[in-house]
Amino acid sequence: MKNWAGNLEYSSARVERPESVAELAQIVERAARVKALGSRHSFNRVGDTDGVHVLLDALPQHIALNADRNTVRVSGGVSYGALCRTLEQSGVAIHNLASLPHISVAGAVQTGTHGSGVDNPSLAGAVQSIDLVRPSGETVTLSREDGDEFLASVVGLGALGIVTGLELAVQPSFEMRQRVLEDLPWERALAAFPEIMSSAYSVSLFTNYAGDTISQVWLKALGSEPPLTDLFGATAALRPRHPLPDMSAENCTIQLDEPGQWLDRLPHFRHEFTPSKGEELQSEFILPLEHAPDALQAVRSLANKLAPLLFVSEIRTGAADEFWLSPFYKQQSVALHFTWKPLQAEVEALLPELEDLLRPFGARPHWGKLFSPGGHDWETLYPRFAGFRSLASSHDPEGKFRNALLDSILGVPAASGR
Ligand SMILES: Cc1cc2nc3c(=O)[nH]c(=O)nc-3n(C[C@H](O)[C@H](O)[C@H](O)COP(=O)(O)OP(=O)(O)OC[C@H]3O[C@@H](n4cnc5c(N)ncnc54)[C@H](O)[C@@H]3O)c2cc1C
C-alpha cells in the first residue's frame, strides 16, 4: 500500500478494515504494533507501522448534528468532502478548510492540518471532543473539560490513540467570493505583510521566490467583505488561475468573485478533480507571524537552489491554538509551504539548508510533510513537548502506536524493549 503521492510504500505486514469500534478495539488489543491511516495524503512515514494498518472506511460513517451544542459528531474515517456536503444540507459550516477536501478529518486533525486566515485556527481548532482507542483496546472520550489530556491528544500524530470519532464546532453556513490578484511586488509584500494577509478572511500567496513579484494572491472573502481589485500593486486576474502556471484552472474552485458557499470556495481544489499537481512532494514550516518578513527574505536568498526543485510555494497564516503539538501552539503564525517536484533525494538534500535558514525564526515543520527529523530541537519548539512524550510513554509503554519516525522525534519508550 502506497501513500497518495506514491513516494512511499508502507511497511505494514497486514491491513485490516474493522466494521465496528469493538472489532477495531480487539485488533488494537491483540497487535504488537498498529497504526490507523486516513486518506494517506501525508508525504512522510508519520503513519507507518511494521505491524497492522487499520483503515476506518468500513466503520459506520456517522455525521450527526447537535443543534443544542452547535456541534457535529463525525466518525474517524469520514473525509472533509463528505462532511462538508452533509453540513451544508443542514445550513451549517465549519470555520475553515485545507486546500483540498479529500483528506480524512481524523488524519488531518492529528497532523495539525490548516487552511489560511490570520484569525482562523487550524482544522483542529474546531474539535470539542475526541473518541480514542488506547493500546489496551480501551475506548475513551476526551473533551475540552479534560484539560491537558485533551490538549495533548487532538494533534497527537496517532501516538496517543486511534481516533474513532470527533465532535467539531459548527456555525451557520456562509457565502464567500474568491479572487486571484497577480504580481504583488515583493518589496511591498514584505513592508505590509500583516495587512496583506488580513485583507480577506483567507489569503494565500503563491511564489517561487525568484524575481521582484509574488505571482498570485488568492483572496477568499466573506460575503460581507468588500471586493478588492488591487492590493499594494497586485491587480485582478481576468481569468481563473491554477497556482501552477502550466495547469488548468478547471481543477480549482470558482474564482472571479462569483459568490458561492464556504465549502466551494475555501479549498483551492475541487473534490471531483486531482488536487494540486498530483506527482509532487510537500514540506511546510510554520513560524511566528511577526518573523514573516525576515524569514521570507531568508528564503528568497535560496531562490536559485529552490528553483530546480520547486513547483510553487504557498504562504498562509493561522491563529494561535492550545494543542500541545500543534505547529500553531500559542503563536499566531505564518506557514511557508513548498510543493516540490517528485525528486525526493534532491529535496531531502536541500531541506537541511532551508531548515538552517528558518531555525532562527522558530520554524516548526508540518507533521505530515517532508522534513529532516534530526534537524529540530523539539523541546525548544514545543513548550509542552516533554509532557506529550511522558503521556505517550504512559499510555503506550510498549510503543504499539510508534514507528521509526515517531521514535526519532519522541524517543524510544523504555518498556518497548527496542
Ligand atoms: C495535495 C495535498 C494538499 C494538502 N494540502 C494541505 C493544506 O492545505 N494544509 C495542510 O495543513 N496540509 C495539507 N496537506 C497535508 C495533509 O493535510 C496531511 O498530511 C493530513 O494528515 C492528511 O490527512 P490523511 O487523512 O490523509 O492522513 P494520513 O496521511 O492517512 O495520516 C496522517 C497521520 O494521522 C494518523 N491518523 C490517521 N487517521 C487516524 C486515526 N483515525 N486515528 C489516529 N491517527 C490517525 C496517521 O497514523 C498518521 O500519523 C496536503 C496534502 C496533499 C497530498
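Atoms within a ligand are numbered from 1 in the order they appear, just like the ligands themselves. These values consider heavy atoms only, across backbone and side chains, with no hydrogens, waters or symmetry-generated copies.
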[atom]: which of [options] has the nearest heavy atom?
{"atom": "atom 8 (O) of ligand 1", "options": "Arg316, Arg40, His53", "answer": "Arg316"}
{"atom": "atom 24 (P) of ligand 1", "options": "Ala36, Gly158, Ser39", "answer": "Ser39"}
{"atom": "atom 15 (C) of ligand 1", "options": "Glu280, Arg45, Lys369", "answer": "Lys369"}
{"atom": "atom 16 (C) of ligand 1", "options": "Ile286, Thr113, Thr111", "answer": "Thr113"}
{"atom": "atom 41 (N) of ligand 1", "options": "Val163, Leu281, Asn3", "answer": "Val163"}
{"atom": "atom 38 (N) of ligand 1", "options": "Gly77, Gly156, Gly38, Ala98", "answer": "Gly38"}

Interfacing atoms of ligand 1 (cut-off 4.0 Å, heavy-atom, [X]):
{"X": "Leu56", "answer": "41 (N)"}
{"X": "Gly47", "answer": "46 (C), 47 (O), 48 (C), 49 (O)"}
{"X": "Gly161", "answer": "43 (C)"}
{"X": "Phe43", "answer": "51 (C), 52 (C), 53 (C)"}
{"X": "Ser99", "answer": "3 (C), 4 (C), 5 (N), 6 (C), 7 (C), 8 (O)"}
{"X": "Trp4", "answer": "1 (C), 53 (C)"}
{"X": "Ser104", "answer": "25 (O)"}
{"X": "Ala106", "answer": "40 (C), 41 (N)"}

Taking atom types as modelled and ignoring hydrogens, do the side chains of Ser173 and Glu88 form a donor-acceptor contact shorter than 3.5 angstrom? yes
Donor-acceptor pair between Gln282 and Glu284 side chains, under 3.5 angstrom: no
So, do [X] and [Y] sit near enough that their side-chain heavy atoms are less than 4.5 Å apart?
{"X": "Pro397", "Y": "Pro413", "answer": "no"}
{"X": "Thr139", "Y": "Thr164", "answer": "no"}
{"X": "Leu354", "Y": "Leu358", "answer": "yes"}
{"X": "Phe311", "Y": "Glu280", "answer": "yes"}

Any nitrogen or oxygen of Gly112, main chain or side chain, under 3.5 Å from a nitrogen or oxygen of ligand 1? no
For ligand 1, which is the ligand I care about here, please tell me if Val46 has any N or O atom under 3.5 Å from one of the ligand's N or O atoms. yes
side-chain hydrogen bond (donor to acceptor under 3.5 Å, both in side chains) pairs, two or more places apart, involving residues 26-38: Arg33-Asp50
Provide the closest heavy-atom pair for Thr49 versus Val34 in the form atom of the first, atom of the second, distance. OG1-N, 3.9 Å
Over-ring placement of Arg364 relative to Tyr382, 6.0 Å and 45° cut-offs: yes
Under 4.0 Å from ligand 1, counting heavy atoms only, is it the side chain of [X], its backbone, both or neither?
{"X": "Leu100", "answer": "side chain"}
{"X": "Gln110", "answer": "side chain"}
{"X": "His114", "answer": "both"}

Could you tell me whether ligand 1 has any atom less than 4.0 Å away from a heavy atom of Ala108? yes
Out of the candidates Val105, Val127, Ile130, only one should pair with Val163 under the side-chain contact (heavy atoms from CB on, under 4.5 Å) rule; please name it. Ile130
Passing option when Phe371 is tested against His366, Glu355, Glu348 for side-chain contact (heavy atoms from CB on, under 4.5 Å): Glu355
For Gln216, which residues count as a side chain to side chain donor-acceptor pair (under 3.5 Å) partner, sequence neighbours excluded? Trp218
